[in-house]
Each structure stands twice: as C-alpha cells, then as structure tokens.
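All remarks here apply to the structure that follows.
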Amino acid sequence: MATSTDKPKTPPVHPVDAAVEGGLTVVDWIDERTQLSPGLRWMLFRKVPKGINWAYTLGSATLFVFLNQAVTGVFLAMYYRPDVNGGAYESIRNINDNVFLGQFVHGMHKWGASVMIVLIFLHMGRVFFFGAYKYPRELTWIIGVVLLILTMAMGFTGYLLPFDQRSYWASIVGININGTGPFIGPYLSDFLRGGPEFGATTLSRFYAIHMMLIPGIMAALIGFHLYLVTKLGISAPPWVRATQPAAITETVEV
Amino acid sequence: MPGAFEGETVTRRAFMNVTAQTAGGLAAAAFTLPALAFAIGPIFKRVPFEWQIIGTPADFTETQYASKVITIVDGIGEAGKGLAYVRKRDPAIDNIGTQDKFNHYIALSSRCMHLGCSVRYVQAAERFVCPCHGGVYDFRGQVAGGPPVRPLDRFYTLEHDGYVYIGPRYSVNSELQRFSPRDPAQPLDGIGQYMYPARFDTSVLPPTNNLPLPPTIPGT
C-alpha cells in the first residue's frame, strides 16, 4: 500500500516540449487579445488556381528584395553621414574599409537595388503577359506601377549618396533632365536641389527622400498591393481552360 | 427632420461628424502645410552671390582662355567650386549681345548646356568640348555641335582698382543676349524662353560699391 508521502508518478517533461508549450502559451495569449490568427490564415492559407508555376513567385521575390533594402539601409544609416564637404564620401569609405561586414552590407544594398529593378520588370512582364491585370485587378496593377515609379525614385536619390564623382555628375545630369519639363521643369529642378545650385541641402534632401519619405509610402502601398492580391485571389495562367463546375451540369431527378 | 429635436436644422450626429472631421483636418494641415512649405521654400529663396577676385588685367588676353576656380556655393568645400574660362573682350568678335561695363572680360561657365557636365577648353581647336554626350562650343561659347540647346552660360565681370572681379551667372541665347540664369537643357531661343520661365529668385546683380578687397600680402 502506498503511503500518503508518496508523490504521484508523472513522466518527466522534456525541455523541448516545455519550450514549445511555453511558446504556444505566449502565442495563444496574444491571439486571444488581438484575434490576428484568422487574418493570417486568410492571408497565407488561401486557395490558388491550378497550373501556377515559379513565375508567380516574382512578386514575393520583389518583396523580399525590398525588405533586404530596408534592413540593410537602416544599418547603413548608422554609419552614413550626409555631409557634402567630404564627409559623405569618407563615411562610405569607412563602411567599406573598416566596419565589420561593412562592404558586405553595402554590397547587399547596392546590388539589391539593381536586383529589385530587374525583379519588378520580370514581375510586371509576368502580370502583363498572363493578363493578370484585367478586371477586377486593375487597381493592383495601378498601385504596382506607382511602386515601380517610387522604386526608380529610390534608385535616383540613392545614387547620389556615396558622393563620389560618378554619383555627383549622375545627379547633376538627372536633376537637369528633370529641369527640361516645360513650365514646371525649372521649379522641379530647384526643388530637387533645394536651390538654384547644387549644394549642401541637395545631399541631405536626397538622403531624407531616400531613407524616409519614399520607403514609408512604398511600405504602405506594398501593404495595400498585398491586401488586394489576397482579397481578389490570383488569376489562373492563360493556358488553363476554365471548366464548368459539375454542379451546374448536374441533372436532378424529380 | 428625423433624429433631430424640434427646431433643429442639423442632427447632432451630423454636427458631431462634421466637427470631428474638421478638427482632424485642421490638425493634420497644421503640420503638413508648414512642412510642405519648408520643403519647397528654396524655390523662392534668393541666394546672395559675392563678387570674387579672379586676378589682375595682366592675367588675361584676348586670344587665350585662362581657367579660374571660383566659388559657386559657399561653405561646402570642393563640391561648391566651379570653373570659369576667362579672357579679355575682343571687340572684333564680341560685338553681338549685351554690351556694358560687365562685359569687358568674357567669363564662360564650364557647365555644359546639354545636361550640366563640365566642358574643357581645347586651345588647339579653340573649342569647348563636353565629355558626357559630345557637346562642342566655339571660341565665343556658342554651340558648334552636339546636343547643347544654347551657348555656354557667362558670369558678370567687373574691372575695378586694378583687379578683375567675377559676379553671378547669367544665361545667353544664341544671339548672346542676357537672360537670368537658367538650368542646362533649357533653350532660350524662340518659344524656349517662355517654356522655361525665370526663377522667382532671379538673382539681382550684387552691389558694386562694396567690392571685397584683395588679400593683403604678408610683410607689406
């Protein structure tokens, strides 16, 4: 007979199980208060048409390059100095030569910019040639075009930041091209430069547009773009023929 | 009216709705409008430009350009420097365009009028050549070939007390008539002068009665 001092035998809890249990508790605690999981399930576990292929991942690829640009950009900003009097160039040189992994992070940002443009055009081409821009997805296309233009503006403003000879003269030429627009051109180029001549404000202006103004707008528009993609669903590839559901052709005995 | 008490012309709900949205709009405008004005303010701002000494009359001839580094934007070091090609006025060839006391020395800007790269002067050919897209200008700075839309910009010059001073930039059309400074790629002939209006801050000539004195030579 067991005495009253005997403890009931429970199997020992494995530490991994305990960690999983703890994690689930935290997730449940948050979900109970935010009700986020239905939305996430709606976003991630949605039905997609038959016949989709790797070309359908180009949009996600673009999104991940955007995230790469955002993250590397934030950390580059920790070392970058938008000082037109030699400081900007020196800070980039410092990032490349001295900072641990600096050249790598800078390279990720620099090459990621080109990759993003390439992926956007591939994504755009996929949507165009598959006819995926048609009703009811026109607004998704329009927002995508705005995102393309904003990405180009990111490329234009970011090109100046290293402040070497190439970025300086490329920006001079780019600003002057903006100035060729009739009637508003002269004011547009003055706005970009922050005055009639290329000066200290030009660099800080480009820096602010590049790292705060456009990324914020882009993040918001990407969110809306993704919402529309989820809400409207993905279009089937053009070679997949729509078949009539069996229910419609079914004859019912009376 | 349904939802309103006797004699009321607007429901409380509608009144609250309008009030709250107006208040929100005013609050947003209170920080948006000043910020926007702050960002576009430089378009309207007049930037002062000081006369600068570039040498003595003996430094310049009618037949050869001397290249002079001048300060275009103060306080930003090398990035604010620009190059001016300066020579004495030659009455035989500099007889068109505006003629006055600010024209006794011809000071051409090195900024190409295609898209703003730096032209260099090639003495053997007596041409200004732009490395970017192949713009070519003749000895007077007028377009001799390539994409530029107007002659090279010029700077006001002034001879005073044995020194040559250089002043602000001005633009010229193909007849070398003076216009307020425009950006490159903006033509000034025919309809161009109306399609590309002058800046609001069209720089006025700085006063010539208070010219900077030459640097003193140590030991004198």
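Throughout, protein chains are lettered first and strands after them, A, B, ... in sequence-line order, and every chain is numbered starting at 1.
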Residue pairs meeting ring pair (Phe, Tyr, Trp, His ring centres under 6.0 Å), one or both in residues 87-118 of chain A, sequence neighbours left out, come to none
Residues 151-165 of chain A vs chain B, non-hydrogen distance cutoff under 4.5 Å, contacting residues -> A:F163
Checked B:S118, B:G75, B:G41, B:C112 vs chain A; the most non-hydrogen pairs under 4.5 Å come from B:S118
Subject >> B:R169 side chain reached by A:P196 side chain, heavy atoms, under 4.5 Å >> reply: no
Checking heavy-atom separations under 4.5 Å from chain B, one finds in residues 166-180 of chain A A:Y168, A:W169, A:I172, A:V173, A:N176, A:I177, A:G179, A:T180
A:F75, CZ: over 12 other non-hydrogen atoms inside 6.0 angstrom:
no
Check this for me: A:E90, atom CD, are more than 12 non-hydrogen atoms of other residues, nucleotides or ligands nearer than 6.0 Å?
yes
Ranked by heavy-atom pairs below 4.5 Å to chain B, first place among A:N85, A:L203, A:T201 goes to A:N85
When every non-hydrogen atom of B:Q186 is compared with those of A:G185, the smallest separation belongs to NE2-C, 4.4 Å
Answer yes or no: does atom CZ of B:R13 have more than 12 heavy-atom neighbours from other residues, nucleotides or ligands under 6.0 Å? no
**Enclosure of B:I191 CD1 (heavy-atom neighbours >12, cutoff 6.0 Å)** = no
Please determine whether the number of non-hydrogen atoms from other residues, nucleotides or ligands lying under 6.0 Å from atom CG of B:D74 exceeds 12. no
_Donor-acceptor contact below 3.5 Å, side chain B:R182 vs main chain A:P186_ = no
Task: Min side-chain heavy-atom separation B:D183-A:R193 under 4.5 Å - done: yes
Assert top hit (heavy-atom pairs under 4.5 Å, partner chain A, pool B:G82, B:P187, B:A79, B:G192) equals B:A79
More than 12 heavy atoms from other groups under 6.0 Å of CD on B:E50: no
Output for pair (B:Y196 OH, A:F183 CZ), nearest 0.5 Å, gives 8.5 Å
Counting heavy-atom pairs under 4.5 angstrom with chain A, the leader among B:P197, B:C132, B:A185, B:G80 is B:P197
Distance col, row B:I76:CD1 vs A:D83:CG, nearest 0.5 angstrom, shows 10.0 Å
Value for CG (A:L192) from CD1 (B:I43), rounded to nearest 0.5 Å, stands at 9.0 Å
Taking NZ in A:K231 as the centre, count heavy atoms belonging to other residues, nucleotides or ligands within less than 6.0 Å. Is the count above 12? no
Ranking B:E78, B:R111, B:H114 by heavy-atom pairs under 4.5 Å to chain A gives rank one to B:R111
Residue pairs meeting ring pair (Phe, Tyr, Trp, His ring centres under 6.0 Å), one or both in residues 160-182 of chain B, sequence neighbours left out, come to B:Y156-B:Y170
Smallest heavy-atom separation, A:Y187 atom then B:R199 atom, equals CE2-CA, 4.5 Å
Within 6.0 angstrom of B:L36 CG, more than 12 heavy atoms from elsewhere
yes
